[in-house]
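These numbers were taken from a predicted model, which means no experiment stands behind them.
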Amino acid sequence: MGRFRDPQDPLFQALNSSIGFDYRLAPYDIEQSLAHARMLQRSGIIGAEDLRQIEQGLAAVREEIEQDRFVVADGDEDIHMAIERRLTEIIGPAGGRLHTARSRNDQVATDVAMLVRAHSLEARTLLHALMNTLVELAERHLDWPLPGYTHLQRAQPVYLSHHLLAWFWKFRRDSQRFNFCMTATDELPLGAGALAGVNFDTERMFVAEELGFRAIAENSLDAVSNRDFVLDYLSAAATCAGHLSQLGGEIVLWSTSEFGFCRVADAFASGSSLMPQKKNPDAAELLRAKAPRIVGRLAGLHGVLHGLPLTYNKDLQEDKEPLFDAIDTLELCLRVARDMLAGIEFDRERMAAAASDESIAATDLADLLVRQGVPFREAHGIVGGVVRGAEERGKALSELTADELRELAPALPPDGFRATLEQSSWLESKVSEGGTALARVKDQLTAARDVLSEA
């Protein structure tokens, strides 16, 4: 019947079918179909009795799906056709009127936009919980010193609270990116038809308001071909996963015997099949490993979309599996990160011992010379020579005698040199805005709490 004489080859059916993965669009498709049916009745395209039957039928289909009683038939190519087929089985001819003035092209685009919007909101919610945990950790470890690192070399000491808050601000930017994703799904595709619009004077803004869209897509060609919002979500997810990966990598490093700065709870660690002593921070390792998976999903969809002519092409079916996998992966990782951090333990003595390495006071010593009028580049070289001289003598900086200090750096005042080497001065001297001095960290905590209260 219809355009085709011969049936589809089973191999093509297997290639073409998306019911195996787009089933999760069902709740959005039903919600969209209800709004569309109400618009059709409001516009005089279907009658009130048709609407009543459609609403009752879709409620029955929704119940079957929620109770896991919905049966996918052999001929169901995708979830959209499956729902329409089942609706028609339940209510008869009225079910066949539902698809009036819409195409699967604008229908699918709308469902996916609704899903992206819902999961962007969920990502923001999960990020909020993670950020709150970081603030609580920072408050509990306010004045715990540890080394800050560049190139994995001890650089300058910071407070653990300051370090934890660095992750807070990274995740805040992630939240802002997901907020943009919600904005990117504000324009309703439904009503664009297959590509050119529909042959009925529909009320698209009514549907938009019913479904929570702020506007309608202005161009029907763009509406059915647009998947920018999927790329936006995948991009935000990839960046967020990258931050989680960095966080996981740091926890793995800090958990080693060589660092010994922290211990993850047993609930987020694994043992060895051979070595009884092992406690591996596997949850953190997996956070580290998941980022490239999501980045790959983003790159894969860019590959699908590049070079596609307008408007709808079957290639666009390949937007769903990468999106669904990225959603599931990211949301799981955010939950794991939050719970793992909630149970982590830090070793104050181990961190303080590492932070007491006098060589990381070198910048402070250079600044001491700068305050005496020595240009910074010259001061940098002088202090570098002092550090080298101490190493050659096998001494810590504080062990240099007054004579040795005069030999290595006559411009360095001995009293100021000794005072600068006191550990607290290295931390509390960083009074610039955003610095690690306690007063500034407390300012950060106030700002972070304000951010959380606004979310």
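Ion pairing between Glu77 and Arg104 holds under the 4.0 Å rule for side-chain N and carboxylate O. A salt bridge is defined here as a Lys NZ or Arg NE, NH1 or NH2 lying under 4.0 Å from an Asp or Glu carboxylate O, and Asp174 with Arg124 fails to meet this definition. Comment: Lys279 engages Asp266 in a salt bridge, judged by a side-chain N to carboxylate O separation of less than 4.0 angstrom. The pair Glu122-Arg335 meets the salt-bridge criterion, since a charged nitrogen lies less than 4.0 angstrom from a carboxylate oxygen. The pair Lys320-Asp22 does not count as a salt bridge, with every side-chain nitrogen at least 4.0 angstrom from each carboxylate oxygen.
Side-chain contact between Leu211 and Val207 is present, with at least one heavy-atom pair separated by less than 4.5 Å. Counting only heavy atoms from C-beta outward, the side chains of Arg38 and Ile46 never approach each other to under 4.5 Å. Residues Leu301 and Val304 are in side-chain contact: their nearest non-hydrogen atoms beyond the backbone lie under 4.5 Å apart. Using a 4.5 Å heavy-atom cutoff, the side chains of Met39 and Glu210 are not in contact. Here the side chains of Phe261 and Ser255 are not in contact, with every heavy-atom distance at 4.5 Å or above. Considering only heavy atoms from C-beta on, Thr125 stays 4.5 Å or farther from His128 through its side chain. The closest side-chain heavy-atom distance from Phe376 to Asp367 is below 4.5 Å. Proximity of His80 to Asp111: side-chain heavy atoms (C-beta onward) are separated by under 4.5 Å at one or more points.
Of all non-hydrogen atoms in Thr202 and Ser43, the two that sit nearest each other are CA-OG, 4.2 Å. When all heavy atoms are compared, the tightest approach of Leu287 to Gly248 is CB-CA, 4.3 Å.
Taking the six-membered ring wherever Trp is involved, the centroid distance between the rings of Phe346 and His141 falls below 6.0 Å. You'll find the ring centres of Phe180 and Phe229 outside the 6.0 Å limit. His162 has its ring centre no less than 6.0 Å from the ring centre of Trp144.
At a cut-off of 3.5 Å, with distance as the only test, a side-chain donor of Glu49 or Gln53 sits close to an acceptor on the other residue.
A donor-acceptor distance shorter than 3.5 angstrom exists from the side chain of Ser220 to the backbone of Leu195, with no hydrogens or angles considered. Judged purely by atom type and a 3.5 angstrom limit, Arg154 has no side-chain atom pairing as donor or acceptor with the backbone of Gly148. Distance alone, capped at 3.5 Å, is enough to place a donor-acceptor pair between the Asp106 side chain and the Ser103 backbone. Judged by distance alone, with hydrogens and angles left aside, the side-chain atoms of Asn313 form a donor-acceptor pair with the main-chain N or O of Pro309 at under 3.5 Å.
Applying the 6.0 Å contact sphere to CG of Asn199 captures no more than 12 heavy atoms from other residues, nucleotides or ligands. The environment of Glu349 atom CD is sparse: at most 12 non-hydrogen atoms of other residues, nucleotides or ligands sit within 6.0 angstrom. The environment of CG in Asp9 is crowded: more than 12 heavy-atom neighbours from other residues, nucleotides or ligands sit within 6.0 Å. The environment of His380 atom NE2 is sparse: at most 12 non-hydrogen atoms of other residues, nucleotides or ligands sit within 6.0 angstrom. Surrounding CD of Glu433 are at most 12 heavy atoms belonging to other residues, nucleotides or ligands under 6.0 Å away. Environment of CG in Asp6: crowded, with over 12 heavy atoms of neighbouring residues, nucleotides or ligands closer than 6.0 Å. Atom CZ of Arg52 has more than 12 neighbouring heavy atoms from other residues, nucleotides or ligands inside a 6.0 Å radius.
Considering OG of Ser225 and CG of Leu308, their distance stands at 9.0 Å, rounded to 0.5 Å.
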Evaluate the criterion salt bridge (Lys or Arg N to Asp or Glu O under 4.0 Å) for residue pair Glu218 and Arg204; output intermediate values, then yes/no. CA-CA 11 Å; Glu218 295 290 348; Arg204 293 183 66 202; over 6 Å; no
Which is it for Asp143 and Arg348 under the salt bridge (Lys or Arg N to Asp or Glu O under 4.0 Å) test, yes or no, and what are the steps along the way? CA-CA 10 Å; Asp143 61 349; Arg348 185 170 192 165; 3.2 Å; yes
Between Ile251 and Leu341, is a side chain to side chain contact (heavy atoms under 4.5 Å, CB included) present by the stated rule, with each step listed? CA-CA 9 Å; Ile251 291 172; Leu341 284 177; 4.0 Å; yes
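Geometrically, Arg24 engages Phe324 in a cation-pi contact defined by less than 6.0 Å to the ring centre and at most 45° from the axis. Taking the ring axis of Tyr233 as reference, the NZ or CZ atom of Arg297 does not stay both within 45° of it and closer than 6.0 Å to the ring centre.
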